[in-house]
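The basis for the numbers below is simple: all heavy atoms, side chains too, and nothing from hydrogens, waters or symmetry mates. In what follows, residues are counted from 1 in the order of the sequence shown.
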Amino acid sequence: MTIEMQAFPVYYVFSSKGIQEYILRGNKLRWMIGGSNLVERLPVFFEELLSSLGFSKEEDYKVLSRAAGGVRMLFRSREQALKVARVMPLALSLYAPGLDFVQATLPIEVNLAKTMEAAEKKLQQRRNRVFPVFPVAGPLVERCPRSGLPSVGILSIDGDSELLDSSMKTKERAFRDAKKGLAEKTLPEKYSDLGLLFPSSFEEFQDEKKYVGVVHIDGNGLGKVIIEFLQKTMGDPDEKVAKYYTELSKAIENATVSSVKKALEPIIERTIDEKREVLPFRPLVCAGDDLTIVLRAEDAFSFAVTFLQEFENATEMELRKVGADAGSSFLTACAGIAYVKDNYPFVQAYSLCESLCSYAKDETQRKSSALAFWRVTTTTASEFKDIRERELHYEDTTLTMMPYVTGKNAASAGFPTTESLQCLLEAIKRMPRGSVRGLLADLYESSDKAIRSLERLCDVAKQRGDEKRAQEFLECLRNVTQNGNAGPLKADVLFTESNKKTPLLDAVELRSVEC
């Protein structure tokens, strides 16, 4: 350890957990916005707390990294770090009640890299701890209907009143105090002076079908990058480790934010062309390689695809700047999209999003950027793997080909691409809706009946002079299923040759939320 780093021999790490669940709890967009701003401002809250304790930056502590949801620091003494750790539960319960967290304080005994690695393991162990909920409800306390927790206030909007728990009350105050927060951070700079507004309720998304798309995206391989960083820097001076870790954290944050901005540009341009003032999206989480955003349903798929592609490009550029080794020159990511009604419980919607994202990761083994999606038509939604087994397997067929891959590794991933699905979607839009629905109904009976139905559909199209349209439909099906690439087009391109999977339902579901 060098002389400078000996002056800061204690490592402290704080990480909030369950951020998305905390933000989405309450099912009102205004509270999600308030929760999002509370999480985004956590680093500011941290500095204000340290200042109130009498600590000075660079004299009593050094900040290695700070992002929405967490901070990593070095302290001059163990007593200072422990003082912060002891105060944090009470301070955070006042700042953002209901937000869980974990923290760890370790002395730097060998070197900083070794200490950081040990701290991460300790955080993982502590994430399973259950936090108590305060205030404790007595027998005469009225509970908040939305959460079942003790009520501490009342919200009145347009003559309607409802009870609030402590978390909802704090989010409401944060929403009223916030200007644009995270949404402003992710808005491309060239649109910042146009007076565009961000929605504060789901009604402002202006979707006649009342569907919104909840998108959750998580990077692949960032943990591996961090582990390799810690292992590679074991013998380096602590100043170099601290500097490099700060640069790496900032690089990932920059890549995510720039990718969001580029993916939002086409949506903003359409909003301007349509002469609307309210933007049809609202970012809720954008921290590290993690993103959660609510959009108009018709924009969600294209946004996710563009983000995944831009994320690969941005991480390639940013990792090159800091000299990081990800086992590749860029990072990939996976996305889950839940299409839900605007009054659907958003904690459940996010849970489904997360399971869709995890499904895409597991199926592709995190080797390619990929996405999976689901339109919720029931009162509750379970994990996507359960949905897939229960609702997408009929007889000898599987009514989905998810996940769909995109980006630089798509060609070698062995899965259908988002581009081929979009091509199929456009072809379906040109087909008679009733004929496609009839074909879809036959899929639920048997693959043979579905193939015969598709043959009849093509014969009828030929008789009506629409043979070209039917051939384009078959060609797009073949592009997805990769069935009989070298031979003439036949109706069996509806399925993959080996395992009888079909993309038809996937495309029809997308059409139902985009048209």
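- Side-chain contact, S420 with T417: a donor N or O sits under 3.5 Å from an acceptor N or O.
- Taking each heavy atom of P283 and F281 in turn, the nearest pair found is CD-CD1, 4.0 Å.
- Legend: residues meeting salt bridge (Lys or Arg N to Asp or Glu O under 4.0 Å) with R388, ordered by chain and number and at least two apart, are absent.
- Across all non-hydrogen atoms, the minimal contact from A119 to V13 is CB-CG1, 4.0 Å.
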- [ ] Tell me, with the steps shown, if S15 and R72 meet side-chain hydrogen bond (donor to acceptor under 3.5 Å, both in side chains).
- [x] CA-CA 9 Å; S15 178; R72 286 162 174 78; 5.4 Å; no

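- One finds no salt bridge joining K408 and E312 here, because no Lys/Arg side-chain nitrogen approaches an Asp/Glu carboxylate oxygen to under 4.0 Å.
- Ion pairing of K28 with E172 is absent here, as no side-chain N (NZ or NE/NH1/NH2) approaches a carboxylate O to less than 4.0 Å.
- S200 is linked by a side chain to side chain donor-acceptor pair (under 3.5 Å) to E204, counting only residues two or more places apart in sequence or in another chain.
- Under the 4.0 Å criterion applied to side-chain N and carboxylate O atoms, E426 and K429 are assigned as salt-bridge partners.
- The two residues I428 and A507 have their closest heavy-atom pair at CD1-CB, 3.4 Å.
- If you look at Y95 and F45, their ring centroids are closer than 6.0 Å.
- For N37 and K171, the side-chain atoms include no donor-acceptor pair closer than 3.5 Å.
- A side-chain donor from one of Q20 and D290 sits under 3.5 Å from a side-chain acceptor of the other.
- Under the rule for a salt bridge (Lys or Arg N to Asp or Glu O under 4.0 Å), E21 has no partner lying at least two apart in sequence or in another chain.
- A salt bridge links D299 and R270; the closest N-O separation between the charged side-chain nitrogens and carboxylate oxygens is under 4.0 Å.
- In this structure, L163 and P145 approach most closely via the heavy-atom pair CB-CD, 4.1 Å.
- Side-chain N/O atoms of K361 and N220 include a donor and acceptor closer than 3.5 Å.
- Between E247 and K321, no side-chain nitrogen of the basic residue sits less than 4.0 Å from a carboxylate oxygen of the acidic one, so the salt-bridge criterion is not met.
- Within the 4.5 Å cutoff, the side chain of N254 has no heavy atoms near those of the I252 side chain.
- One side chain, D506 or Y404, offers a donor N or O that lies under 3.5 Å from an acceptor on the other.
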TODO: Let me see the working for Y211 and Y344 under ring-ring contact (aromatic ring centres under 6.0 Å, His included), right down to the final yes or no.
DONE: CA-CA 9 Å; Y211 270 102; Y344 190 81; 9.7 Å; no

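- A donor-acceptor contact under 3.5 angstrom links the side chains of T406 and E419, judged on distance only.
- Residues satisfying the side chain to side chain donor-acceptor pair (under 3.5 Å) test with K190, not counting sequence neighbours, are E265.
- The salt bridge (Lys or Arg N to Asp or Glu O under 4.0 Å) search around E389 returns none, not counting sequence neighbours.
- Within 6.0 Å of CD on E277 lie no more than 12 heavy atoms contributed by other residues, nucleotides or ligands.
- Salt-bridge annotation for K185 and E253: present, with a side-chain N of the basic residue lying under 4.0 Å from a carboxylate O of the acidic one.
- The side-chain heavy atoms of L92 and L42, taken from C-beta on, include a pair separated by under 4.5 Å.
- Geometrically, K262 does not engage F307 in a cation-pi contact defined by less than 6.0 Å to the ring centre and at most 45° from the axis.
- Under a cut-off of 6.0 angstrom, the local environment of CD1 in I154 is sparse, with at most 12 non-hydrogen atoms contributed by other residues, nucleotides or ligands.
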Open item on the list: Working note: M88 + L49, criterion side chain to side chain contact (heavy atoms under 4.5 Å, CB included); need CA distance, chi angles, decisive distance, verdict.
Closed with: CA-CA 9 Å; M88 185 54 60; L49 174 64; 3.4 Å; yes

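- Among L82, L50, T105, the one residue that satisfies the side-chain contact (heavy atoms from CB on, under 4.5 Å) test with F75 is L50.
- Between Y359 and E354, the side chains place no donor N or O within less than 3.5 Å of an acceptor N or O (distance only, hydrogens not considered).
- Side-chain contact between L284 and I293 is absent, with no heavy atoms from C-beta onward closer than 4.5 Å.
- Checked options Y350, F346, F384; the residue passing with H216 is Y350 (criterion: ring-ring contact (aromatic ring centres under 6.0 Å, His included)).
- In the model, E310 has no side-chain atom that pairs as donor or acceptor with a side-chain atom of S258 under 3.5 Å.
- Other residues, nucleotides and ligands contribute only 12 or fewer heavy atoms inside 6.0 Å of the NZ atom of K250.
- For R143, there are no side chain to side chain donor-acceptor pair (under 3.5 Å) partners, not counting sequence neighbours.
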TODO: Would you check, one step at a time, whether the test salt bridge (charged side-chain N to carboxylate O under 4.0 Å, His left out) holds for D362 with K385?
DONE: CA-CA 11 Å; D362 292 343; K385 287 184 178 179; 3.4 Å; yes

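- Of the N and O atoms on the side chains of S156 and S161, at least one donor lies less than 3.5 Å from an acceptor on the other residue.
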- [ ] Take E298 and Y339 through the side-chain hydrogen bond (donor to acceptor under 3.5 Å, both in side chains) test and state the conclusion after the steps.
- [x] CA-CA 10 Å; E298 64 189 73; Y339 294 104; over 6 Å; no

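- Shortest non-hydrogen contact noted between A335 and A360 is O-CB, 4.4 Å.
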